[in-house]
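In the text below, chain A, chain B and the rest are named by the order of the sequence lines, each starting its count at 1. Side-chain atoms are counted along with the backbone in the values below, which use heavy atoms only and exclude waters and symmetry mates.
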Amino acid sequence: MVIAAASQIRIIHKQEVCNFDYNLVYNLTLSPRAKLSAKLEREKLSPASHRRLAVPWPREVNMRNGRNPTSKRKTRREFLIKSAGGALAAGAFGAYPLRGYAADPVNIGGLYPVTGSLAQIGVGCVEAAKLAVEMVNDAGGITALGGAKLNLIISDVQSDTTVTRTETDRLISDNKLSAIHGCFASALTLIASEVAERAKVPLLTGSSSDQLNKGRHFTFTPFARASQFAEAQLQMSKLVDDKPKVAVIFENTAFGTSTSNGLRELAPNQGVEIVLFEPYSAGFTDASPLINKVKASGANALFSVSYLNDLILIVRTVKQVGLNIAINGGSGGFVIPDFYKNVGKLAEGLQGVAHWNHDIDDNAQKVNAEYKKRTGEFLFEYAGGLVAQTFMIAAALEQAASSDPQKVRDAIAALDLSSGYAAMCPGGKVKFGPDGKNIHAHPVGVQWQNGDLASVFPQADARAPLIKT
Amino acid sequence: MLETLAQAVINGLLIGGIYALVSIGVTLIFGVVKIVNFAQGEFVMIGMYLSFFLATQFGLDPVLSIVVTMPALFVVGILVQHFLIRRVLGQNDMPQIFLTFALSLLIVNLSLMLFTANYRTVHTWYSDEALHLGGLYIPLAKLFAFALAMVLSAALWVFLHTTDLGKAMRAAAQNREVAMLMGINPNRVFCVALGVALALAGAAGSLLMPFYPAYPLVGQVFVLMAFVAVVLGTLGNIIGALVASLMMGVAESLGIQFIGADSGLIVVFLMLLLTLAIRPSGLAGGRAR
């Protein structure tokens, strides 16, 4: 009885609100003038009553049918979510009036190269970004903001630094954003980060350039930094042999030179002997002479800091020579599904380092399964990382209870997560230092095994033993 | 030491065979039609993609696929000559250079659009195999490519020296005006020259496929070497181009082995520079044959 009475009171209370609702909706569908007056009316309401309005919007129907309002409300909401009819309904009533009844969606930006040379990876990133937002929204959105949904706004940075600058600018000035994630390539992210810093919008990124942690306040990097990759790679060579003798071959431009110098500097500390340190010019026609040198050096591990086509030739030549050597390609473009598709069995046993892998924990595997269902491919390094980033943004929004970018930034800076999708990174913890670096982040060593990328290093993250080739 | 040296020479000769196929095509076109075909590398790339799709769609072995790629590119060569190059002949050199260069850009960008920038490889039973002789090894795929390249070069030589059409082409190469006066139809000869040159490019593509990845810009890797070989071996001289290609392959390999992996090309270009300084018309002297 008591319960019935209580619910009765609630219904009456809602009814009052509902009558008003009905008129509002009715008016709004009538004429521009009516719309204007309704808008003025709405602005008179305090935010608190605003939120109350958010709940019982379709009450007029219930009143007419005399049914239990709660059940009706549920089906209506279900309908809206399940049939993606939200957009349809918004179109039918005009997007405007709905906003008063559901919590305002929170805009987050995604900057990815969907066209140009990096397009293939960019498209995969966008798929993952959409999946992540769907997951957050299906789980009820941002509770602290009245169940507000995340609204992902994707902008194509076209694999081009100039376009990245203008697109980031446009994305930020055209939309009220709470946070951004992007852009895959470090060169692009550095520029997007500059723009975001100026506009004071927080940016999360999986890009590994250490530059991103210098003099920036709105840029956060939840994953391992470039400087950490070299260390991990050297440590991995110890899995191959107790006394690793490493041959380092690298293409002789900035990318290869800086990476390999990092390796050479760190090698003594890690107890790794470098027996060959050989630059080469990228785009060679024949890897045989180079591999001849590696063979002569007596190395038992080969670090190849190479672009993809050189790497393919190197791996193939090593096989032809019959050289028994473990090849580690470092952190390159070969930790993506396409690599195996193009290169095939040649990739088997190839090692590398990544900032994320799809088998690191149960949550990652769950997301990976869903992504695989949609795209037919496993969730690759960068795409997986940005799913976690989306959940970090969601967690920050919960903490901040505001969509204001400055407050979201402060909340991200204060995050301390160790469970859930946001924490699905190597190490399983997220806490940002003053430089925006996740203090728990470290790279994970991976190896191609049976067409899949398996985590093999460090011990805590290893899901499969290293196969010695 | 001796073993390393021998291995380096073997490596150089094998890749030199591929350079030869590309450079013979370039030198043939230059000798007969008197234009520099900047798009030669792109036709190698087309040959590679053709073999790639024949291998992945129909399971045809890339080396065997020359029976398709060579005729296909022969026809392409005739079409290119008949519809494009013929129109710019006889004027000054600029339109010819622009034409082949534009053709190169067009093909590269079309294939970027159609095939994407991905690297495609074909894996055959001999792709990773090698003959091991003592401490030396000879990769099978490269051996096949080298052998077929030599056979094709020899066949071309026989064609040019024994058939009427071949002799007409050589005549046109030596002196176009006089050849025309003798009743040789220049456009017909030019069509065949382009066709043969592109067929060789197609063959190079097919032979590369078992051990080299295909991607839209792959042609530029080989065309640079081809141009050096053509200049080194005297413009228009087929035997010269062949010998120069093999020499360059060996020089590059030795350079990588004994100087540094980023110095292979330095040795090659040094060789070019010295040759040009001492014998400006190329190693074969001033004769185009």
Tell me which of these, B:Ala8, B:Pro210, B:Gly12, has more heavy-atom pairs under 4.5 Å with chain A than the rest.
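The answer is B:Pro210.
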Largest heavy-atom contact set with chain A, pairs under 4.5 Å, which of B:Glu3, B:Lys142, B:Met225
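The candidate making the most pairs under 4.5 Å is B:Lys142.
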Under 4.5 Å from any heavy atom of chain B - which part of [X]:
X	value
A:Ile312	side chain
A:Asn292	both
A:Lys295	side chain
A:Ile249	neither

If we check side chain to side chain donor-acceptor pair (under 3.5 Å) with A:Thr189, which of these qualifies: A:Ser207, A:Ser209, A:Ser208?
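Exactly one option meets the side chain to side chain donor-acceptor pair (under 3.5 Å) with A:Thr189, and it is A:Ser207.
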Would you mind checking which part of [X] comes under 4.5 Å of any heavy atom in chain A, side chain (CB onward), backbone (N, CA, C, O), both or neither?
X	result
B:Gln220	neither
B:Val218	neither
B:Gln257	both

Looking only at heavy atoms, which two atoms of B:Val36 and B:Thr100 are closest? And how far apart?
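Smallest interatomic distance, heavy atoms only, reads O-OG1, 3.1 Å.
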Under-4.0 Å salt bridge between A:Glu278 and A:Lys293:
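The answer is yes: the pair qualifies as a salt bridge.
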More than 12 foreign heavy atoms under 6.0 Å from NZ of A:Lys319: is that the case here?
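Yes.
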Within a radius of less than 6.0 Å around CG of B:Leu2, do more than 12 heavy atoms belonging to other residues, nucleotides or ligands occur?
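Atom CG in B:Leu2 is not packed in, count stays at 12 or less.
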B:Tyr119 and B:Tyr215 aromatic ring geometry - parallel, tilted or perpendicular at 30°/60° bounds
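Rings of B:Tyr215 and B:Tyr119: perpendicular, as their planes differ by over 60°.
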Over-ring placement of A:Arg264 relative to A:Phe277, 6.0 Å and 45° cut-offs:
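Judged by the rule, A:Arg264 and A:Phe277 form a cation-pi pair.
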